[in-house]
Amino acid sequence: MTIEFRHLSDPDEVRSGFGTFLRAMVGLPTMDIDATTITEPGRFIGALESGVVIGGVDSYSGWLAVPGGARVSHAAVTHVGVLPTHRRQGVLSRLMAAQFDDAHNRGEIVATLRASEAVIYERFGYGIASSSRSARLDRRRTRLRSTVPAEGRVRLIDDAATNDQLVAVADRVNSPGTVGLPGPWWELQRIRRAGEPGPIHVVLHNTAGVDDGYVVYRAEDPEQWFGSRTRTVTVTEFVATNDAAHAGLWHHLLTLDLVDAVAITALALDDPIVVALDDPRALELGPEHDETWLRLIDVDAALDARTYRDEDPVTVAVSDPLLTRNSGVFHIGPKSVHRVETEPDVSVGVSALATTYLGGTRWRQLAAAGRVVEHRPGSIRRLDALFGTDRLPFSGVGF
């Protein structure tokens, strides 16, 4: 049977594509959602057999913040799935190829995703560009150090929270790995919050009259709240545009009455909370896990968009078997990036390059693992200096 690959334009096809994604993921909860309200028109690509959607890939438009503060055009890849009856038949490979072409035609420089399985996406040129971890704080044992700045104020907005309020804050964050996402993604978050079994609390932080942070949290097991020995709130969204907002939001969480523990689902590996507590043993950190999987759609534009630290230039040969236009030798220095026709100092595959792009992985790590070949001694050291960043990349959102 012939399989057709094309954009899903009819609303019923989009709904079918979303249903196929849910079925392919097996364990996701059933969602009573009209998929046309949480997807962007023209971005869902489907594989259809006899008019039935048997696989699909979708994405949200937006931006990705890169080292130096630039925001590059970005495809946030989501709703990827193929029905169990059609796996191992090359359907996913063709869908991914179609999505790469679509992103390139739209002028999108990079794509990122959150991987359901860690062994799938490297073969499509993706690499792990940022990581995060969960955390749990025993609120009864700890407080913020007296040295932590205490500025600004918070206000409770809870059910009155609007997407516009939260977007206005989130769009001001510009650290490496941050993503900007469109209205349909924000609508999906609103629907998810509304569907929670217990109350959802939303708190805005304000400094000098400007909203500069927010946190969203919920109580675990609200039915047994007063009988629980460990009353826990779980933070599902934490957004701070500066250190004052970060401190103010944590101060709010750590001074809640009737709360014994605070859990957070995604914390940056270098989050200041790790060193901001008077009792660091009250903080239990979860294992590091992959967050952002990054694909460089346009290597030339991506390398040119970020900044580099002061170090002697290095010539890097990039190999990209799927998007051959990306392959070539690049002169990378603090003042410019451009293609050259010389012998390279270093050779690297596009997926390994993606892991270093935001500063989350050091070149020496890749070299030790055999994922980078150094042709000229000292080049790996110089690349680590060039690609160095002040903070580790972090996104903090899923899609």
Side-chain angles (χ1 to χ4, degrees), residues 21 38-40 43-45 56-81 92 95-132 170-171 173-182 184-186 188-189 237 239 265-266 268-269 288-299 301-303 305-306 320 322-323 326 349-361 387 389 391-399:
F21 161 71
I38 55 103
T39 58
E40 286 188 270
R43 297 190 69 98
F44 211 140
I45 301 172
V57 292
D58 191 12
S59 63
Y60 291 113
S61 63
W63 50 263
L64 172 75
V66 303
R71 294 177 171 184
V72 300
S73 184
H74 164 242
V77 176
T78 187
H79 306 146
V80 180
L92 180 59
L95 284 168
M96 297 299 287
Q99 187 174 62
F100 289 157
D101 287 343
D102 185 62
H104 179 69
N105 291 337
R106 294 174 185 272
E108 290 165 343
I109 293 172
V110 298
T112 70
L113 54 77
R114 307 293 180 260
S116 56
E117 294 182 73
V119 296
I120 296 176
Y121 292 101
E122 188 176 315
R123 71 177 187 266
F124 298 116
Y126 282 87
I128 299 173
S130 76
S131 298
S132 66
D171 275 354
V173 182
N174 209 46
S175 55
T178 306
V179 295
L181 293 160
W185 180 88
W186 285 96
L188 176 59
Q189 308 321 300
E237 299 176 47
V239 176
T265 55
L269 299 185
E288 178 180 335
H289 57 82
D290 55 276
E291 185 198 38
T292 300
W293 285 73
L294 172 67
R295 210 316 172 176
L296 304 179
I297 303 295
D298 185 334
V299 168
L303 289 176
R306 60 154 292 169
D320 189 345
L322 295 183
L323 303 179
N326 284 330
V350 72
S351 64
L353 176 63
T355 69
T356 71
Y357 179 70
L358 296 177
T361 299
F387 279 72
T389 57
R391 61 194 302 176
L392 291 175
F394 176 67
S395 171
V397 299
F399 37 81

Candidate pair Gln189 and Phe399, rule side chain to side chain contact (heavy atoms under 4.5 Å, CB included), full reasoning: CA-CA 10 Å; Gln189 308 321 300; Phe399 37 81; over 6 Å; no
Note, [X] side chain near [Y] side chain (heavy atom, < 4.5 Å):
| X | Y | answer |
| --- | --- | --- |
| His79 | Ile38 | yes |
| Ser132 | His289 | yes |
| Ile120 | Leu92 | yes |
| Glu237 | Val397 | no |
| Asn174 | Trp63 | yes |
| Val77 | Tyr121 | no |
| Ile45 | Leu95 | yes |
| Tyr60 | Pro184 | yes |

Spell out, as yes or no, whether a donor-acceptor pair under 3.5 Å connects the side chain of [X] to the backbone of [Y].
| X | Y | answer |
| --- | --- | --- |
| Glu40 | Ser61 | yes |
| Glu122 | Ser351 | no |
| Tyr357 | Ala302 | yes |

If you round to the nearest 0.5 Å, how far is [atom2] of [Y] from [atom1] of [X]?
| X | Y | atom1 | atom2 | answer |
| --- | --- | --- | --- | --- |
| Leu113 | Thr292 | CG | OG1 | 9.0 Å |
| Leu323 | Ile297 | CG | CD1 | 6.0 Å |
| Ile128 | Asp290 | CD1 | CG | 4.5 Å |
| Asp298 | Leu303 | CG | CG | 9.0 Å |
| Asp171 | Leu181 | CG | CG | 9.0 Å |
| Phe44 | Thr39 | CZ | OG1 | 7.5 Å |

Closest non-hydrogen atom pair between [X] and [Y], with its separation:
| X | Y | result |
| --- | --- | --- |
| Ser395 | Gly177 | CB-O, 3.3 Å |
| Ala305 | Ala70 | O-CB, 3.6 Å |
| Val173 | Arg71 | O-NH2, 3.3 Å |
| Phe394 | Ser131 | CD1-O, 4.2 Å |
| Ala354 | Ala129 | O-CB, 3.7 Å |

Test side chain to side chain contact (heavy atoms under 4.5 Å, CB included) applied to Met96 and Leu322, step by step: CA-CA 10 Å; Met96 297 299 287; Leu322 295 183; over 6 Å; no
Selection residues 96-111 - residue pairs positive for salt bridge (Lys or Arg N to Asp or Glu O under 4.0 Å), sequence neighbours left out: Arg43-Glu108, Asp102-Arg106
Trp185/Val179 under side chain to side chain contact (heavy atoms under 4.5 Å, CB included): CA gap, chis, key distance, verdict: CA-CA 12 Å; Trp185 180 88; Val179 295; over 6 Å; no
Derivation and outcome, side chain to side chain contact (heavy atoms under 4.5 Å, CB included), residues Leu353 and Asp320: CA-CA 10 Å; Leu353 176 63; Asp320 189 345; over 6 Å; no
